[in-house]
Asks: 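Before anything else, here's the structure in question.
Position 1 is the first residue of the sequence, and the numbers go up from there. Please read these numbers as outputs of a predicted model, since none were measured by experiment.
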Amino acid sequence: MRYDLVIFDNDGVLVDSEPLSNRLLAGYLTELGHPTSYEDSIRDYMGSAMHRVHDLVLERTGRRLPEDFDDVFHARVFAAFERELRPVPGVTEVLEKLAADGVPYCVASSGSHERIRVGHRTTGLDRWFTDERIFSSEDVGRGKPAPDLFLYAAERMGVAPGRCVVVEDSPLGVQAAVAAGMDVYGFTAMTPPERLSGAGQLFTRMQELTDLLM
């Protein structure tokens with residue numbers, strides 16, 4: 001194995017949540033008078049922490065989102081997760097291989113701890129991710145594209161940044177990994193490859209990842 005730690009993004013990399021959550025986010029913002037298409041949501045918010053949604057809406061419109069925006073949105077997302085969420089095809093096999101080979105891995109997500117855990121319980125991925133392997137933007141002051149979350153995860157896992165590889169599917173996540181001094185592999189199943197051009201490797205099927213890591 002070329003690395004001492006594999007850091008996974010969560011949404012879109014471990015769980016196939018990006019279509020669900022961005023459809024709901026676009027609908028909720030539109031409902032509140034901020035017309036947003038699914039494509040707009042993917043472009044502007046995919047891979048980001050919730051504060052980015054608040055910041056961009058305020059910047060563009062001069063209006064703040066309701067105080068209960070996050071709670072209402074997450075309630076809708078969690079309900080959709082229970083009905084529809086699935087693991088990303090092939091990711092279970094990747095995790096089985098890493099575990100069998102004794103390769104350390106973790107998840108570092110812009111989502112909240114609750115969102116990560118709900119998604120993992122629903123998809124059965126919780127068997128692979130105990131609490132000490134889960135890191136959220138809630139744990140640091142700044143979310144992606146700042147490098148803080150990835151650096152925090154590496155520190156807690158006891159691995160130098162230069163010995164880590166990040167698996168990401170969003171431009172913000174790729175920027176964060178590069179800023180952290182880590183190699184990054186861009187997963188292009190949902191994201192056009194040109195938007196992940198900062199990644200050192202690009203791949204489309206999760207089944208390809210194991211060979212790339214060797």
Side-chain angles (χ1 to χ4, degrees), residues 8-92 107-126 129 134-140 142-146 149 167-176 186-192 195-196 204 206:
F8 291 94
D9 176 43
N10 188 55
D11 294 293
V13 171
L14 295 176
V15 294
D16 194 17
S17 53
E18 292 291 8
L20 292 174
S21 58
N22 281 282
R23 185 183 74 230
L24 292 168
L25 180 58
Y28 189 25
L29 287 172
T30 300
E31 179 185 317
L32 293 172
H34 305 287
T36 305
S37 68
Y38 172 77
E39 292 75 18
D40 293 337
S41 184
I42 290 287
R43 182 193 65 227
D44 293 340
Y45 304 121
M46 182 173 165
S48 67
M50 287 301 295
H51 66 77
R52 179 176 170 85
V53 181
H54 291 265
D55 292 346
L56 279 184
V57 168
L58 180 60
E59 177 185 317
R60 291 170 174 175
T61 70
R63 296 161 51 200
R64 295 187 182 277
L65 291 170
E67 289 187 6
D68 65 349
F69 179 86
D70 290 12
D71 291 339
V72 172
F73 174 64
H74 284 133
R76 296 181 182 187
V77 167
F78 295 162
F81 280 6
E82 296 287 349
R83 296 190 304 270
E84 304 175 54
L85 191 62
R86 299 290 183 271
V88 167
V91 79
T92 299
V107 58
S109 172
S110 293
S112 66
H113 277 282
E114 184 182 14
R115 177 182 173 124
I116 298 167
R117 285 169 169 79
V118 168
H120 287 188
R121 284 197 304 270
T122 302
T123 58
L125 294 184
D126 53 341
F129 290 94
I134 297 176
F135 304 100
S136 161
S137 61
E138 292 180 324
D139 300 325
V140 295
R142 299 181 299 168
K144 306 169 190 178
L149 176 57
V167 184
E168 265 287 354
D169 71 332
S170 76
L172 294 175
V174 169
Q175 292 175 45
F187 183 44
T188 61
M190 265 193 64
T191 310
R195 297 200 68 208
L196 302 180
T204 304
M206 188 56 68

Asks: I need the minimum non-hydrogen distance between Ala80 and Leu24, along with the two atoms involved.
Replies: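 Nearest pair, atom of Ala80 first, then Leu24: CB-CD1, 3.8 Å.
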Asks: At what distance, to the nearest 0.5 angstrom, does CD1 of Ile42 lie from OG1 of Thr36?
Replies: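 Spacing of CD1 (Ile42) from OG1 (Thr36) equals 12.5 Å.
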Asks: Are a donor atom and an acceptor atom from the side chains of Asp11 and Ser17 found within less than 3.5 Å of each other?
Replies: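 Side-chain D/A pair, Asp11 to Ser17: present.
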Asks: Find the distance between CD1 (Ile116) and OG (Ser137) and round it off to the nearest 0.5 Å.
Replies: 7.5 Å
Asks: Report yes or no: do Thr188 and Thr204 form a side-chain donor-acceptor pair below 3.5 Å?
Replies: yes
Asks: Suppose the criterion is ring-ring contact (aromatic ring centres under 6.0 Å, His included): which pairs have a residue in residues 62-84, not counting sequence neighbours?
Replies: Tyr28-Phe69, His54-Phe69, His74-Phe78
Asks: Just how far is it from atom CG of Leu25 to atom CD of Glu18, taken to the nearest 0.5 Å?
Replies: 10.5 Å
Asks: Just jot down the ring pair (Phe, Tyr, Trp, His ring centres under 6.0 Å) partners of Phe135, sequence neighbours excluded, or say none.
Replies: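 Phe135 satisfies ring pair (Phe, Tyr, Trp, His ring centres under 6.0 Å) with Tyr152 once adjacent residues are dropped.
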Asks: Going by heavy atoms in the side chains, are Leu149 and Lys144 under 4.5 Å from each other?
Replies: yes
Asks: Please evaluate residues Arg115 and Ser109 with respect to the criterion side chain to side chain donor-acceptor pair (under 3.5 Å), reporting the C-alpha separation (whole Å), side-chain torsions for both, the decisive distance (0.1 Å), and the verdict.
Replies: CA-CA 10 Å; Arg115 177 182 173 124; Ser109 172; over 6 Å; no
Asks: Kindly compute the distance separating CG (Asp16) from CG (Leu14), expressed to the nearest 0.5 Å.
Replies: 11.0 Å
Asks: If you measure only the distance, is there a donor-acceptor pair under 3.5 Å linking the side chains of Arg52 and Ser110?
Replies: no
Asks: Is the shortest side-chain heavy-atom distance between Val88 and Val13 below 4.5 Å?
Replies: no
Asks: Ion pair present between Arg117 and Glu138, side-chain N to carboxylate O less than 4.0 angstrom?
Replies: no
Asks: Kindly indicate whether the side chain of Met46, heavy atoms from C-beta on, has any atom under 4.5 Å from the side chain of Leu172.
Replies: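 Side chain of Met46 against side chain of Leu172, heavy atoms only: no contact under 4.5 Å found.
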Asks: If the condition is ring pair (Phe, Tyr, Trp, His ring centres under 6.0 Å), which residues does Phe8 pass it with, not counting sequence neighbours?
Replies: none
